[in-house]
Amino acid sequence: MNKRTASSPRPLVIVESPNKVATISKILGDGFTVKASYGHFADIPAKRGSIDTANNFTATYVPSKKGQEVIDMLRDELAQASELILATDGDREGEMIAFLLVEFLQPTVPVSRIVFNSISRLEVLAALEDRKQIRSSLVEAARTRRYLDYLYGFNVSPVLWSKVRGNLGAGRVQSPALRMVVEREKERLAFVETTYCGIEATLSIEAQVVATLRTIDSVPVAKSDDIDDAGIVAPPAQLLLLADAQQLAAALRATSLTVADSKTEGYSRKPRRPYTTSDLLQDIYSRLKVGSTAAQAIMNQLHEKGLISYPRTDSPSLSGVAMAAARQQAVELFGASCVPDKPRLYFPKRKSAQEAHEAIRPSNMSLRHPKGLSTQQAAVYDLVWRRTVASQMVDTTGTTVTVTLHANTINPEHWCVFTAAGTTIVEPGHRRLYSSVEDDEPTPLAEFTVGDVFGLSAVEVKEHVTRPPARYTDASLIRALEAQEIGRPSTYAPIIQSLRDEYVWSKRGDQALIPTLTGVAVHQFLSTCFPTLVDYTFTREMEEELDSIVDGNSTLVDMLSKFYSLGDGEWPGLVSVIDDVEKSYKPADHDVLTIGVHPETGEPIVLKPGRSFAGKKSVRGTRSRPSRTSGSPYIKCGSRNVAVPDNTELSQLTVDFALQLLNTPTEARVVGEHNGEEVTVKVGPYGPYAKVGARSVSLPSGTDVATVSMADIEPLLAFPRALGVDPASDDEVVLKRGRYGIYVEKAGDTRPVPADTDPAGVTLEHALELLARPKKGRGKR
DNA sequence: CAGTGAGCGAGCTTCCGCTTGACTT
């Protein structure tokens, strides 16, 4: 330490990730100091009013607590440095971090910016020779993205609080994600199951050849692809019904098949591209059944062990060195012919991919089985290794034979055409290392001679039922978001996590994402009141405008004022849209769902979101929210209301289900006694409550009166509790339980008791102390 | 389809994107 401070000043290189520091230090040698910014160390504060919308959208970045320590550390380093070299990632956010480093460090030494896409000696040294300055247009675009997300989230979320319930959030990424889950659920509800039949004929030859009936009198037999979600069959295909199929199969058993055509075509499959974050999350899920958060954690662990490259990327491209190493591995295993003449290049699918990083690949391609890994880590490493090496191998090639066979039945009289197909692999190529779960194992089929006739050893009717569109899983939702260019690799797993806080749930041991009733209600509200904001193209259009800022054809103020205040074309501006919604949207006029009609009274049965749903414990951040005591989603029929759990599937919300709930007698149940008086529980018009003698006490909403026990009720009976008299004023001090929780009262003056305080332990002294504090005012001005 | 307890007081929530935090000998 002392030796270093004494040495002559050296350039200070700042990168984003501490994981990079050692590698880059090694490349640059003793002449440089390398330190990390730990990502974004500063941000605009997460509270109201952080952006001055009246004054050209100005805002101030403030370091986080951890960020301030980073800045202090970097400032100390800079004091001994000869120059400052900003080597943050080569994307929009990296440029912003570089800019903020300059802002907060206020360097007096020369500053330059370098960019490298992979950490190889060649690239890093080349970058050092190519010094640049910070691109202010890129910084402006990054700032615009950040401000727009803030304006969206921090203006729309409060509308949810006033129209649906508190603690809910809306945002550019999470709201379209929620929309996907809810719309998929509705597609499943609207889905019409269709039963269709097929006929399979087994030829009486030694090899197992099964031919499938394709047309009857030139009319195609409907396959699942021909039937849509409403059960409509696309012409000219027609459904083959069971009775007809059985009759036809019986007639076919008496016939033979004549080969009408035998066609041989080349078969060829390219390897999959190297892994991006979403590809790997998808593969980890489909092979290991590990959800996105755990999967991302495993990827991060492998990266921290130095085994794989950076695990949050949207680029499938490999560095030249990595491509050469992958090819070499393939050649060592399978010989020189298993790789093409030239390395295979891969490019990002999405236009807005920012290519700050390579694909996810082994750091050291010749390391086949690293030691000391958990089973899951080893499995993920193996996937990464296989897919990377396979991506540089030759195509899988072979031949596909398609045989067409004819049959004529006498009674009923029909002309039937069958086909059979098979593929013979000649060159396995990349398949030797990696094949996708979606790829079926090819089955070989020999060529046939036209005119040959085959008897049939079996003719079977296969009955199939169409399946509704599958629910999203973590991985498939991430893939769908990525396809719409919504969200970034560093946020894919966190997005799912935050949806799970309020808006989606899964059954035990399953990953399928099911919207909560809250989620359905919020989506319903957003799609009604803010259709533009939940449009899947919103992010893409934002990205296009950000590009025009980078190109110098637009500015932050232009873009944000169009979004926020002035409007643009059809869009009247966020302020105006929110004003309209606040004024005209009456929650009472909007049902989440119409379940049906009461069979006797004819009254509609509807689902309501509840004014304020029962709060759930959240693990977002480090604090957990206090549980709330009022409201829950409920079914309404005439004047009757019945609560429903938030994790009820929409498909369960039938008229029968509703009637069953509505008809459940609300008889009082005796749970025990308190001070010699009988305690009963009951559900009334205001929710569940307990009755002790003449006194009634509300139970927290969501309480199940069938299972609630005295242990749950006893603590509630302790309120109100006299704490004593304030010696200073002679006023009574009382501890009470109200709508918002526990509070103390003295002469009409109240203070809430903090949620982390045990009410049983509250004393007069404690209460007076609370009352002595100033009453909190709401927000600022 | 009818009928069912009482009724004191707030402040706060929220966005998306970068990146790892670590008690000792």
Side-chain angles (χ1 to χ4, degrees), chain A residues 15-20 36-44 46-48 50 64-67 69-70 88-89 91-94 96-97 100 142 145-161 165-175 300 304 310 312 356 486-492 494-495 498 502 539 598 600-601 603 615 618 620 623 625-626 628 637-640 662-663 666-668 680 682-692 694-698 720 734 736-746 748-752 775-779:
Chain A
V15 295
E16 285 183 38
S17 160
N19 283 314
K20 288 180 180 175
S37 81
Y38 293 81
H40 272 299
F41 56 87
D43 193 9
I44 55 177
K47 56 178 186 140
R48 273 185 81 85
S50 285
S64 61
K65 191 162 168 286
K66 183 83 195 146
E69 291 170 18
V70 171
T88 49
D89 293 350
D91 55 15
R92 207 162 57 204
E93 299 296 329
M96 187 74 203
I97 293 172
L100 290 170
R145 196 281 307 159
R146 178 67 192 94
Y147 292 8
L148 185 139
D149 282 336
Y150 173 95
L151 291 172
Y152 183 146
F154 277 66
N155 285 290
V156 177
S157 300
V159 188
L160 289 178
W161 308 339
R165 70 133 156 139
N167 292 330
L168 299 173
R172 175 177 58 80
V173 171
Q174 63 166 276
S175 296
N300 294 348
E304 282 159 25
Y310 191 75
R312 293 178 288 272
I486 298 170
R488 303 282 311 143
S490 67
T491 61
Y492 290 145
I495 290 165
S498 90
E502 296 284 1
T539 291
H598 195 289
E600 288 158 26
T601 65
E603 284 170 317
S618 161
R620 204 184 281 170
R623 63 188 188 281
R625 294 180 199 143
R628 300 167 77 85
C637 178
S639 57
R640 292 271 285 134
L662 289 162
N663 292 333
T666 56
E667 272 169 31
T680 57
K682 209 175 164 185
V683 179
Y686 315 118
Y689 68 100
K691 213 167 158 89
V692 186
R695 183 178 162 214
S696 62
V697 177
S698 286
V734 187
K736 293 188 170 183
R737 177 171 166 266
R739 282 178 296 169
Y740 313 120
I742 313 301
Y743 64 102
V744 293
E745 187 194 59
K746 181 188 80 167
D749 196 17
T750 64
R751 293 290 183 284
K775 225 174 164 76
K776 289 188 183 163
R778 186 187 167 99

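Throughout, protein chains are lettered first and strands after them, A, B, ... in sequence-line order, and every chain is numbered starting at 1.
Nucleic acid contact class of A:Pro18 (heavy atoms, under 4.0 Å, all strands): sugar-phosphate only. Here A:Glu16 lies in heavy-atom contact (under 4.0 Å) with sugar-phosphate atoms only. Counting non-hydrogen atoms under 4.0 angstrom, A:Ala36 reaches nothing in the nucleic acid. Counting non-hydrogen atoms under 4.0 angstrom, A:Gly171 reaches the backbone sugars and phosphates but no base.
Listed nucleotides: B:dT20, B:dG9, B:dT14. Nearest to the side chain of A:Gln174: B:dT14. Comparing B:dG17, B:dT14, B:dT13 by their closest approach to the side chain of A:Asn167 singles out B:dT13. Distances were taken from every side-chain heavy atom of A:Ser490 (C-beta onward) to each of B:dC15, B:dA22, B:dC18; the shortest belongs to B:dC18.
Centre separation under 5.5 Å together with a plane angle under 30° does not hold for the ring of A:Tyr38 and the six-membered base ring of B:dG21, so they are not marked as stacked. By the stacking rule of 5.5 Å between ring centres and under 30° between planes, A:Tyr152 does not stack on the base of B:dC15.
Taking 3.5 Å as the limit, the base of B:dC16 and the side chain of A:Arg145 contain a donor-acceptor pair of atoms between them. For B:dC15, its base sits under 3.5 Å from the side chain of A:Arg146 at one donor and acceptor pair at least.
Nucleotide B:dG21 is shown with a syn base, its glycosidic torsion being within 90° of 0.
Remark: A:Tyr38 engages no residue in a ring-ring contact (aromatic ring centres under 6.0 Å, His included) (not counting sequence neighbours).
Close to B:dC18, at under 4.0 Å from its OP1 or OP2, lies no side-chain N or O of A:Arg312. OP1 and OP2 of B:dC18 both lie 4.0 Å or more from every side-chain N or O belonging to A:Ser37. Residue A:Thr491 places at least one side-chain N or O under 4.0 Å from the OP1 or OP2 atom of B:dG17. OP1 or OP2 of B:dT20 lies within a sub-4.0 Å distance of a side-chain N or O belonging to A:Asn19.
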